[in-house]
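In what follows, a structure is listed as structure tokens, so that the remarks can point back to it.
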Amino acid sequence: MQVDKIAVCKPIETLVNTLLKKGFAIAETKISDYHFHELSFILKGKYTSEIDHISHLKIKKLDDATFTCLCHWSTVNLIYE
């Protein structure tokens, strides 16, 4: 599954694609709120220190495994293997 095949905001698309390139796989995708196009992604992969330095415009890192966009409140949650 590729993130560019679903309607998602550019910041989340960029973040998910960055994580896919780092070896993560999308485990689950769901729409949290249809009206606001709020999406939720769960990605699984191995932790690397590079994740601590991921920085994208309009993305806020909430903790070691949770990112959210500031435009639609979509989230990306990481599960480390």
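- Phe41 is listed as a side-chain neighbour of Val8, based on a closest heavy-atom distance under 4.5 Å.
- Contact between Ala25 and Leu20 at its shortest, heavy atoms only, is CA-CD2, 4.1 Å.
- Checked by atom type and distance alone, the side chain of Thr68 pairs as donor or acceptor with a backbone atom of Ser74 at under 3.5 Å.
- Applying the salt bridge (charged side-chain N to carboxylate O under 4.0 Å, His left out) rule to pairs touching residues 30-51 yields Lys22-Glu50, sequence neighbours excluded.
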Worksheet item: Hey, mind stepping through Ile51 and Tyr80 against side-chain contact (heavy atoms from CB on, under 4.5 Å) and telling me if it holds?
Response: CA-CA 11 Å; Ile51 293 168; Tyr80 299 115; 3.8 Å; yes
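- For Asp64, there are no side chain to side chain donor-acceptor pair (under 3.5 Å) partners, not counting sequence neighbours.
- Between Lys61 and Ile54, the closest side-chain pair of non-hydrogen atoms is not below 4.5 Å.
- In the hydrophobic clustering, Ile79 connects to Ile42, either directly or through intervening members, whenever side-chain heavy atoms lie under 4.5 Å apart.
- No donor-acceptor contact under 3.5 angstrom links the side chains of Ser49 and Asp52, judged on distance only.
- Under the 4.5 Å side-chain criterion, counting only non-hydrogen atoms from C-beta, Ile12 is in contact with Ile59.
- At most 12 heavy atoms of other shown residues, nucleotides or ligands fall within 6.0 angstrom of atom NZ in Lys58.
- Side-chain contact between Leu19 and Leu78: present, with at least one pair of heavy atoms (C-beta onward) separated by less than 4.5 Å.
- Checking Thr18, Val16, Leu43 one by one against Phe24, the side-chain contact (heavy atoms from CB on, under 4.5 Å) holds for a single residue, Leu43.
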